[in-house]
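See structure below.
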Amino acid sequence: MVELKNDLYLRAALKQETPRTPVWMMRQAGRYLPEYRATRAQAGDFMSLCKNPELACEVTMQPLRRFPLDAAILFSDILTVPDAMGLGLYFTQGEGPAFQRPIRSAADVARLGPPDPEGELRYVMDAVRTIRRELAGQVPLIGFSGSPWTLATYMVEGAGSKTYSHIKGMLYDAPETLHALLDVLARSVIAYLNGQIAAGAQAVMIFDTWGGVLSPACYREFSLRYMQQIVAGLNRAAEGRRVPVTLFTKNGGAWLDAMAETGADCLGVDWTTDLARARELTGGRVALQGNLDPAVLYARPERIREEVAKVLASFGQGPGHVMNLGHGITPDVPPEHAGAFIAAVHELSPSYRC
């Protein structure tokens, strides 16, 4: 077992003392980097890139070569699980992901079962193993999955949606069918994330991208309930250390208090909720990750530094803050602006962690 040289992210996610605030970026391996675009062109298409462990490792490492980040995140996609269920995932230029065989009935759900992490999803586990070897203890590796609700949204709609007509129709007209789908997805995600942990992921994150489109009651019943099931089913220790679990619901600021009750170690916070308010809602029960508006990175470096200072001040003194964007970095951000963000965190954060 290679000794971890920089464990700031793991310590902060567990609310332990750190000399400064650790920082990483959602989608830090992505289209804003020219080297990523070159590697994707080499792969041929997005899913071919995801399914090639060596190339997935390459793009995972690219931002770490540019920036002094405190964590690597597995390069993959949230839709690997439904793809492994045989729904015919494909990507169209400018339109995003879609499925050839969407889930629309109880009979469709009955045909689904959890994919084998070392079978249908072996390429993801191989990518985790390859990245860990390449990292050589430089920083920890974060594994991830989409939440059951978010995965179900894509599976039932068949693609992205603005109205969520199919899945919300199922939610209100056939809730038992949706619950059956969410249960098989929760069991799938438990196996998938435990597989990533066994392969070498040192922390895991659950992305609930579409939880914020639900009403408060529906969020608790159809999203949070299944994320709590996942948290309860995860292996929380590996290689002699605790494995931190982070939940992130986009537009979920109103439910941070309920999210803090799940047993997760850390909650992601988007830019629509002040971290001071998030600390108040969660009562110190969890660490917090976030939450600079990604659009700040379009500004000049001096303004980026000012906005970083505001986020750090909003969280305030004490341990338990992982600096990040409030959502993923956007493709047209200049890489040097991402560098200015990270440099500002390194410069300004030590006074808040004392």
Side-chain angles (χ1 to χ4, degrees), residues 2-30 32-33 57 59-75 128 131-144 196-197 200-205 207 238-239 241-246 248 264-269 275 286-292 294 296-297 304-305 307-309 311-312 315 318-329 333 335-354:
V2 177
E3 182 181 354
L4 189 57
K5 302 177 182 72
N6 175 350
D7 66 352
L8 295 184
Y9 164 76
L10 298 180
R11 287 157 55 194
L14 296 172
K15 294 192 74 229
Q16 297 171 2
E17 295 284 348
T18 55
R20 61 170 176 81
T21 305
V23 56
W24 67 281
M25 297 181 296
M26 289 186 276
R27 294 187 189 147
Q28 65 189 25
Y32 75 106
L33 293 177
C57 174
V59 294
T60 299
M61 297 299 297
Q62 285 170 352
L64 299 175
R65 296 181 191 131
R66 277 188 179 255
F67 311 120
L69 294 155
D70 295 300
I73 184 164
L74 166 70
F75 180 81
V128 171
I131 296 163
R132 273 298 303 273
R133 184 171 62 249
E134 184 70 17
L135 281 170
Q138 178 183 346
V139 294
L141 173 62
I142 305 168
F144 73 92
Q196 291 183 37
I197 292 166
Q202 292 147 296
V204 293
M205 184 166 172
F207 286 89
E239 302 176 31
R241 300 187 71 127
R242 185 168 173 86
V243 176
V245 177
T246 298
F248 173 65
D265 301 290
C266 182
L267 301 182
V269 184
L275 288 183
V286 291
L288 297 174
Q289 177 180 279
N291 64 341
L292 188 75
V296 168
L297 298 189
I304 293 170
R305 184 181 182 279
E307 293 301 316
V308 167
V311 172
L312 291 168
F315 183 89
H321 182 206
V322 175
M323 189 70 171
N324 208 311
L325 305 176
H327 200 242
I329 186 170
V333 164
E336 58 270 23
H337 288 202
F341 161 60
I342 295 159
V345 178
H346 280 247
E347 176 195 351
L348 299 172
S349 68
S351 63
Y352 289 99
R353 300 286 79 81
C354 60

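Numbers here simply count residues along the sequence, with the first being 1. Predicted, not measured: the structure shown is a model, and the values here were computed from it.
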Revision key, fill the gap. Looking only at heavy atoms, the pair that brings Ala13 and Pro244 closest together is CB-CB, 3.8 Å

Review point. Would a 4.5 Å heavy-atom cut-off, applied to side chains only, mark Leu325 and Phe341 as touching?
Key: yes

**Study point:** Gln202 side chain near Leu4 side chain, heavy-atom distance below 4.5 Å
**Key:** yes

Exercise for review: Quick one: list whatever passes side-chain contact (heavy atoms from CB on, under 4.5 Å) with Thr60, sequence neighbours left out.
Suggested key: Ala72, Phe75, Ile131

Exercise for review: Can you see which heavy atom on Gly290 is nearest to which on Met323, and at what distance?
Suggested key: O-SD, 3.6 Å

Review point. Listed by chain and number, what are the side-chain contact (heavy atoms from CB on, under 4.5 Å) partners of Ala343, not counting sequence neighbours?
Key: none

Check your understanding: Which heavy atom of Gly326 sits nearest a heavy atom of Pro294, and at what distance?
Key -> N-CD, 4.2 Å

**Study point:** All salt bridge (Lys or Arg N to Asp or Glu O under 4.0 Å) counterparts of Glu134, not counting sequence neighbours
**Key:** none

Point to revise | Asn291: partners by side chain to side chain donor-acceptor pair (under 3.5 Å), with sequence neighbours left out | key: none

Check your understanding: Within the side chain of Asp265, is there an N or O that forms a donor-acceptor pair under 3.5 Å with the backbone of Val245?
Key -> yes

Point to revise | Euclidean distance, Leu10 CG relative to Ile142 CD1, rounded to 0.5 Å | key: 8.0 Å

Check your understanding: With a 4.5 Å limit on heavy-atom distance, are the side chains of Tyr352 and Phe315 in contact?
Key -> no

Review point. Hey, is the main chain of Ser349 close enough, under 3.5 Å, to the side chain of His321 for a donor-acceptor pair?
Key: no

Check your understanding: His346 versus Pro68: any side-chain heavy-atom pair under 4.5 Å?
Key -> yes

Point to revise | Minimum heavy-atom distance Pro140-Asn6, with the two atoms named | key: CD-O, 3.1 Å

Check your understanding: Residues two or more places apart in sequence or in another chain: which of them pass side chain to side chain donor-acceptor pair (under 3.5 Å) with Arg133?
Key -> none

Review point. Below 4.5 Å, heavy atoms only, C-beta onward: do Tyr32 and Leu297 meet side chain to side chain?
Key: no

Check your understanding: Does any non-hydrogen side-chain atom of Ile73 lie less than 4.5 Å from one of Arg27?
Key -> no

Point to revise | Smallest separation among heavy atoms of Leu74 and Gly143, with atom names | key: CB-CA, 4.4 Å

Practice item. Compare all side-chain heavy atoms of Leu69 with those of Val139 and state whether any distance is below 4.5 angstrom. Key: no

**Study point:** Qualifying residues under ring-ring contact (aromatic ring centres under 6.0 Å, His included), relative to Phe207, sequence neighbours excluded
**Key:** Phe144

Practice item. Quick one: closest heavy-atom pair of Arg305 and Glu347, and the distance? Key: NH2-OE2, 2.5 Å

Exercise for review: State which residues pass salt bridge (Lys or Arg N to Asp or Glu O under 4.0 Å) with Asp70; sequence neighbours excluded, sorted by chain then number.
Suggested key: Arg20

Exercise for review: Please identify each residue that fulfils side chain to side chain donor-acceptor pair (under 3.5 Å) with Gln196, with sequence neighbours left out.
Suggested key: none

Review point. Can you tell me how far the CG atom of Asn324 sits from the CG atom of Leu288, to the nearest 0.5 Å?
Key: 12.5 Å

Exercise for review: Side-chain contact test, heavy atoms from C-beta onward, threshold under 4.5 Å: evaluate it for Met205 versus Phe248 and give yes or no.
Suggested key: yes

Review point. Counting N and O atoms only, with roles assigned by atom type, does the side chain of Gln28 sit under 3.5 Å from a partner on the main chain of Ala71, one being a donor and the other an acceptor?
Key: yes

Study note, to complete from the structure: dist Ile304:CD1 -> Leu292:CG (nearest 0.5 Å) comes out at 8.0 Å

**Study point:** Residues in side-chain contact (heavy atoms from CB on, under 4.5 Å) contact with Gln16, at least two apart in sequence or another chain
**Key:** Arg11, Leu14

Point to revise | Set of side chain to side chain donor-acceptor pair (under 3.5 Å) partners for Thr246, sequence neighbours left out | key: none

Exercise for review: Applying side-chain contact (heavy atoms from CB on, under 4.5 Å), name anything that partners Arg66, two or more places apart in sequence or on another chain.
Suggested key: Leu33, Pro34, Glu35, Pro335

